[in-house]
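Structure first, commentary second.
What you see is a predicted model; the values in this text were computed from it and never measured.
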Amino acid sequence: MTDNKLDVLVLREQLVTPNGPYAALDVVDSTGSTNADLMAAARDGAVDRTVLVAEEQTEGRGRRSRTWSSPPGSGVYLSVLIRPTTVPADRLGTLAMVAGLALMHAARETAGIEASLKWPNDLLVGEGRAKAAGVLSEVAQDQATVVGVGLNVTSLPDDAEPGVGGLPAGSFADAGAKNVDRTEIAASFLRAFAEFEASWRLNDGDIARSGVLAGYREACGTLGRSVRAELPGGESVSGEAVDVDEDGRLVIELDDGTRTSVTAGDVVHLRAD
Ligand SMILES: Nc1ncnc2c1ncn2[C@@H]1O[C@H](COP(=O)(O)OP(=O)(O)OP(=O)(O)O)[C@@H](O)[C@H]1O
Ligand SMILES: O=C(O)CCCC[C@@H]1SC[C@@H]2NC(=O)N[C@@H]21
């Protein structure tokens, strides 16, 4: 656990207009879920590029209604409200990939650790490929989208260990990062996210044209591995993960050489060797 708190003044100074790319940024001591808070704020008219950071979440949520352990002082839990009015609705989901890339950037810049992305958006660290961060992107109304990121800086306390999910929980500290400062990590992530998101938005959410896809493919440790994608209703698709396509789908090559692609929304679990 770290003793120091996130420094809201430093974050605002670096990131909030007129110097930085965000319109507003708050840090709260405790809340249920920063994603839930910004979803409600979006419906109440909160502006584009609003950021909410929490020291602790009591009802942190992961994808597919899973729980995200968010104990005080050991991680970065934040959400960003984006209103990309020119981006078609069917591309909004790819904002989560933008966040995944920004997580890679923050891991490299602040902790100097080796990390990779597990499709669609888990940040894995260390030799055991443990999950140190995840992304939850939710559409509020119209195009308003809340992108939430949970990142373990130090190990989760034993009693906060996540119970379900296919991956062990990891953290920057477990992966060998020293003197990791949560304010620095949050700032690094938010700077990178703003930069990648600006390009994504300028290109109407096209991940190929914005350069997001190229960066993502490079970072994606799932490619080249044998995987089993579990779909709703007990079905599954097994084969080699060979590509991520221009819509962000994972392309899987089956044993008979045919290819099929799966969307993040459809995959309940992705098991990789
Ligand atoms: N702070 C945390 N750090 C790491 N993992 C966590 C944390 N809190 C919860 N989890 C785990 O992450 C899961 C949510 O992530 P996700 O929905 O991506 O599932 P996953 O098991 O990681 O992926 P998959 O099922 O595709 O293998 C939760 O079910 C829980 O097991
Ligand atoms: O891997 C996942 O399942 C996604 C985890 C996302 C967790 C973050 S923490 C900040 C934001 N608020 C939430 O309730 N969830 C996201």
Rounded to the nearest 0.5 Å, what separation is found between the CH2 atom of Trp68 and the CG atom of Asn152? 5.5 Å
Do Thr34 and Val53 touch side chain to side chain, with heavy atoms closer than 4.5 Å? no
Taking all non-hydrogen atoms of both residues into account, name the closest pair between Asn121 and Tyr216 and its distance. N-OH, 4.3 Å
Write down the atom of Ala115, the atom of Val125, and the distance for their closest heavy-atom approach. CB-CG1, 4.1 Å
Should Val98 and Val76 be regarded as members of a common hydrophobic cluster, given that ILVMFWY residues are connected when their side-chain heavy atoms come within less than 4.5 Å of each other, either directly or indirectly? yes
Taking Val47's backbone N and O only, do any of them form a donor-acceptor pair with Thr50's side chain (distance below 3.5 Å, no angle check)? yes
Separation between CG (Leu156) and OG (Ser171), nearest 0.5 Å, reads 7.5 Å
Taking atom types as modelled, find out whether Asn35 and Ser33 have a side-chain donor-acceptor pair closer than 3.5 angstrom. no
What pair of heavy atoms forms the shortest contact from Tyr77 to Ser74, and how long is it? OH-OG, 3.7 Å
Is a salt bridge present between Arg83 and Asp142, judged by a nitrogen-to-oxygen distance below 4.0 Å? no
Under 3.5 Å, is there a donor-acceptor pair linking the side chains of Thr183 and Asp7? no
Verify, without hydrogens or angle tests, whether Trp119 (side chain) and Asp243 (backbone) share a donor-acceptor contact under 3.5 angstrom. no
In Å and rounded to the nearest 0.5 Å, what is the OG1 to CD distance from Thr85 to Gln143? 6.5 Å
Start with the C-alpha distance between Lys5 and Asp29, add both sets of side-chain angles, then the distance that settles side-chain contact (heavy atoms from CB on, under 4.5 Å), and finish with yes or no. CA-CA 9 Å; Lys5 289 208 159 191; Asp29 276 344; 2.8 Å; yes
Let me see the working for Ile252 and Leu254 under side-chain contact (heavy atoms from CB on, under 4.5 Å), right down to the final yes or no. CA-CA 6 Å; Ile252 299 175; Leu254 311 179; 4.2 Å; yes
Donor-acceptor pair, Lys131 side chain versus Lys118 backbone, under 3.5 Å? no
Closest heavy-atom pair and its distance - Gly60, Ser70: CA-OG, 4.0 Å
Between Asp122 and Leu117, is there a side-chain heavy-atom distance shorter than 4.5 Å? no
Kindly indicate, with the supporting measurements, whether the criterion side-chain contact (heavy atoms from CB on, under 4.5 Å) is fulfilled by Ser79 and Met39. CA-CA 10 Å; Ser79 301; Met39 290 288 278; over 6 Å; no
4.5 Å side-chain heavy-atom contact, Val10 and Gln14: yes
Judged by atom type as modelled, is there a donor-acceptor pair below 3.5 Å linking the side chain of Thr154 to the main-chain atoms of Ala173? no
Should we say atom CD of Gln141 is surrounded by more than 12 heavy atoms from elsewhere, each under 6.0 Å from it? yes
Within the structure provided, determine whether Thr94 and Leu213 are in side-chain contact (heavy-atom separation under 4.5 Å). no
Expected output: side-chain Asp206 to main-chain Ala208 donor-acceptor under 3.5 Å: yes
Dump the intermediate steps for salt bridge (charged side-chain N to carboxylate O under 4.0 Å, His left out) on Arg201 and Asp48, then the final yes or no. CA-CA 12 Å; Arg201 195 187 302 215; Asp48 186 22; 2.8 Å; yes
Using the side chain to side chain contact (heavy atoms under 4.5 Å, CB included) definition, which of the options Val242, Val237, Leu223, Thr260 pairs with Leu250? Leu223
Glu59 bridged to Arg61 by N-O distance under 4.0 Å: no
Could you tell me if the side chain of Glu55 sits less than 4.5 Å from the side chain of Leu6, heavy atoms only? yes
Taking atom CG of Asn179 and atom OG1 of Thr110, what is their separation to the nearest 0.5 Å? 11.5 Å
Heavy-atom distance under 4.5 Å between the side chains of Phe193 and Val149, does that happen here? no
Can you tell me how far apart CZ (Arg191) and CG (Leu15) are? Round to the nearest 0.5 Å. 6.5 Å
Taking Arg228 for the side chain and His269 for the main chain, is one N or O donor matched with an acceptor at less than 3.5 Å? no
Count the heavy atoms of every other residue, nucleotide or ligand shown that sit under 6.0 Å from CD of Glu253, and state whether that count exceeds 12. yes
Is there side-chain contact between Glu195 and His105, with heavy atoms separated by less than 4.5 Å? no
Least distance between heavy atoms, Ser30 atom then Glu56 atom: OG-OE1, 2.9 Å
Worked check of side-chain contact (heavy atoms from CB on, under 4.5 Å) between Asp181 and Asn4: CA-CA 9 Å; Asp181 180 79; Asn4 53 325; 3.6 Å; yes
Give, for atom OH of Tyr22 and atom CG of Leu190, the distance between the pair rounded to the nearest 0.5 Å. 4.5 Å
Please answer: with hydrophobic residues joined when any side-chain heavy atoms are less than 4.5 Å apart, are Leu78 and Val28 in the same cluster? no
If two hydrophobic side chains count as joined below 4.5 Å and joins carry through other members, does Leu95 share a cluster with Phe196? yes
Arg249 backbone acceptor or donor facing Asp247 side chain under 3.5 Å: no
Can we say Arg12 and Asp26 salt-bridge, meaning some charged N sits less than 4.0 Å from an Asp/Glu carboxylate O? yes
Side chains of Arg271 and Ser236: does their closest heavy-atom pair fall under 4.5 Å? no
Please say yes or no: joined through hydrophobic side-chain contacts below 4.5 Å, possibly via intermediate residues, are Val139 and Leu52 part of one cluster? no
Are Val51 and Leu151 linked, directly or through other ILVMFWY residues, by side chains that come within less than 4.5 angstrom of each other? yes
Quick one: closest heavy-atom pair of Val268 and Leu231, and the distance? CG2-C, 3.8 Å
